[in-house]
Amino acid sequence: MGHKVNYIPGWDCHGLPIELKALQKAQTKGETTGNWENFSSLDIRKKAEDLALTNIKIQKKVFKQWGLLTNWNNYYLTMNPSYVIKEIELFKKLYDKGYIFQAYMPVHFSPSSKTSLAESELEYNNDHESPSLYLALPLCHDESHLLLKNWTNRPPIYLCIWTTTPWTLPGNTAISINEDKDYTLVLTKLKEKEAILVWMSDRIKELPFILNSSYSIITQVKGRTLKGLNYFHPIYSKLCPVICSQNVSSNKGTGLVHTAPAHGKEDFIVALELGIPTDVQLVDDNGHYKEEAGEHLRGKSVLEEGNEEVIKLLGRNDLNQCKSSSIILNLGTIVHSYPYDWRTKKPTIIRASMQWFFDVRKVKKKVEKALKKVSIHPEKSRLQFISLLAKRPYWCLSRQRVWGVPIPVFYDSESGEPLIESQFIEHLSALIEKEGADVWWKYSEEELLPAEYVKKLMSEGKSLPKKGTDILDIWFDSGSSWYCVMDGKKSDVYLEGQDQISGWFQSSMLTSVACTGEAPFKSLVLHGFTIDEHHRKMSKSLKNVFDPVLITEGGKDLKASPAFGTDVLRFSIIFLFCIYQWYGSHLVIFASSMWWTVRSDFTKDIHFGMDIMQVCEAEILALRNSFSFFIGNLHNFDSDALLPYRSLRVYDQYVLSLIDPFLKNVWKLYEEFNYSEAAREIYNFIVEQIGNTHLNTAKDILYFEKEDDIRRKSVQSTIYYFLPYLIKSLEPILPYLCEEVKSHYYKISKNVEDVTNPPSEWNEFESKICENILNIKKDFDVKWKEMNEDSLKEGKAVDTKKSKVHISVGKNLESNLKVFQSSAKDSCSDLCSLLLVSEVTLDFDHKIPDDFQLNILEAEERFCERCRKHLDCDELCDRCERVISDVL
């Protein structure tokens, strides 16, 4: 379209996947036995960096092969010092504005990755199995009278809870109830002893299935009656309170909720509001129980033997020996949805720790306002964006790894308070610019802090602050690209997968709106995923990904793994960021895509397989054959002999009149990101409408008329005129094919300037002239197929040239038909070529009720050995005799 496109390619270089892959590589070489403990932080960073650079080199080479046009010497890496410096600068700006803070709070934690995770780094396994534990916790003996005032010999009273995470029971600090709900007290037997259980009335129907024994209802109380009572902890001999929370529902469990602030976000908030301790943290950074958990649990993995050991401890409790012991009412398993680490594909836990957060609550309304100015395709994704944002109060920024951008924070040696000063950032940036981000791990605090600041503290006899050990979430890396690469300029388009609504799209939006008040992009384009034959998303972790190079170049066995070429699979690059600059107010985006991508609706998940690739290959072959036909018929054509538009055959003028509406429709579809419809429109127009319909009717002229025949030159001129526009419509999708076609076309054409809009005179053609003739063509096709139905069903080839046509013409069509055939009978007229028959006889009978009546007759004469028309001839028809004699 003549507009400049400024696309800067780049790579996200940090993150756990690269660390894990580097570890696997080190294991293969025998450098480690299975963990990073053998390496220093700098060793890990060096190995991860080397791995990243190796893969960038490979990917860049393949991207070039796929025809992705950009300046490949100008690309960004998130590990480049310039990018890291800008990212740290953005962190400081957001901190100063109050959007970033540090707090002790429960977050998702991956024991397999040994780091905290954000919501966007989770995937949910619907087939996860967990223990299903119903547990009775004894109420404090001295408080039982508050529930049963009229009983003199009261059996022990138990508060009943349900949990699928027994490992969190050591961290229990309270039981939450809903003060507005009713709770039922029932009398039953536990281990042959009478006991009273407290259960939410709305959930009492579940009780028989849990107890597997009879019970009787004693009384019913309001939830607020339970508030303030105390019960004995399930593991340790201490009392814990009953508290009220509106989060307690009647949808599941017992209506009394085990509350562990260190392992539940809602639990944490409730405990914080009520002043209940939130720092009961018995799980370490490896997902194992700490020393404080007790000798039975110490060192055990909470998700493995830890769960089992907790259940054993509960099972040891004996009602006869200790009135403060908890009792297992029911133990089974449950299959449910559970969060997994999306990289390691292993289950996560929720664990409270000191982390850095972005306060999403402060910017939500601004983001929603900014989103109204953003064009989103498909539009339905807008609600999903807003919905996911509404559910997210915080974004955990800190990670406990080393391969990433360091959080540039020092901590006061006495108070532990974080210190983030401009002078610290400036000094650190200067070091990074000179030596790279490794300086954070390479140098001591004395070297990382400004010399004047160090000198001042030492003169005052104070200790230097300690540097932090956390890195930034990689979504902060990619979410900073608008600032680090674009320098705050707004991009026209961000293109990524649907999952980036909670990832890159959201992190970019949050950081940009918080910093500037504006979205970093004008448009969002979301695509689906490639799915395998089992309808699973293709993923490296699932090992169900097709190697694109295998598709383009083929495998060792080309019969089993044929080479389809780049244009068949011109891979849809997931742009880390797409920058399109425009000299105006709108944008046409030519996304790098493959025929396989564009022929389907890219906003949905697309099935991928060899069968589909073969269909794509056949369609591209049809396009290639059409262009081959066009170019082949320009052989020896001299552009100096080009006929002016007004000198072309009427039918050729009609063909050219179709070009402008076709192009406008294609560009409109491109602008709307409707690539599947654009591909369909292009294919149908080039292969079906122009190739198989219009130019197929010109084959008789092109192949059998004299080389310098005026009608032949008219068809050639028409091809010469429309070919650049067809190429241009297809170039965004199949550049290599179009480049090959252009290389042949420009050998003929003396004018190699890029085409824009077709000449206006092409649109001035009176199309009704040809539309009437095309109605005759349609009528002929229907009747001819009916006549040859049996042969066509049997797959026999039937040539239309075996037919002759008699047309009775009404007064309304007389002038139109005479344009295509001036004589009453002709075998070489444009009308004959259009119908692809041997001869057409016109009868201008003005008395017929319709505009025309068409009859098909079988041609019984011998066919011409050259043009294959059935005419009254020996070897060659009159036309072919004349052409041959002129040549000889």
Kindly say whether the aromatic ring centers of Tyr76 and Trp11 come within a distance under 6.0 Å. no
Between Lys47 and Glu19 (salt bridge meaning N to carboxylate O under 4.0 Å), is one present in this structure? no
Please step through side chain to side chain contact (heavy atoms under 4.5 Å, CB included) for the pair Met105 and Gln355, ending with a clear verdict. CA-CA 7 Å; Met105 199 181 296; Gln355 303 286 348; over 6 Å; no
Should Phe63 and Thr70 be marked as a side chain to side chain contact (heavy atoms under 4.5 Å, CB included) after you check the CA-CA gap, both sets of side-chain angles, and the distance that decides it? CA-CA 10 Å; Phe63 292 164; Thr70 184; over 6 Å; no
With a 3.5 Å cut-off and no angle check, do the side chains of Gln400 and Ser116 form a donor-acceptor pair? yes
Say whether Thr115 and Ser113, considering side chains only, have a donor N or O and an acceptor N or O under 3.5 Å apart. no
Of the non-hydrogen atoms in Pro406 and Ala437, which two are nearest, and what is the gap between them? CD-CB, 4.5 Å
Between Asp285 and Arg351 (salt bridge meaning N to carboxylate O under 4.0 Å), is one present in this structure? yes
Do any pairs count as a side-chain hydrogen bond (donor to acceptor under 3.5 Å, both in side chains) and have a residue in residues 418-431, sequence neighbours left out, and if so which ones? Lys92-Ser422
Do Ser444 and Glu447 pair up side chain to side chain, a donor and an acceptor below 3.5 Å, judged on atom types alone? yes
For Val402 and Arg45, work out which heavy atoms get closest and say how close. O-NH1, 2.7 Å
When Trp475, Tyr494, Trp482 are each screened for ring pair (Phe, Tyr, Trp, His ring centres under 6.0 Å) with Trp504, the one that passes is Tyr494
Over 60° means perpendicular and under 30° means parallel, so classify the ring planes of Trp356 and Phe91, tilted if in between. perpendicular
Is the Lys NZ or Arg CZ of Lys345 less than 6.0 Å from the centre of Tyr340's six-membered ring, within 45° of the axis? no
Going through the distances and angles, do Phe358 and Phe101 end up as a ring pair (Phe, Tyr, Trp, His ring centres under 6.0 Å)? CA-CA 7 Å; Phe358 181 98; Phe101 65 97; 9.2 Å; no
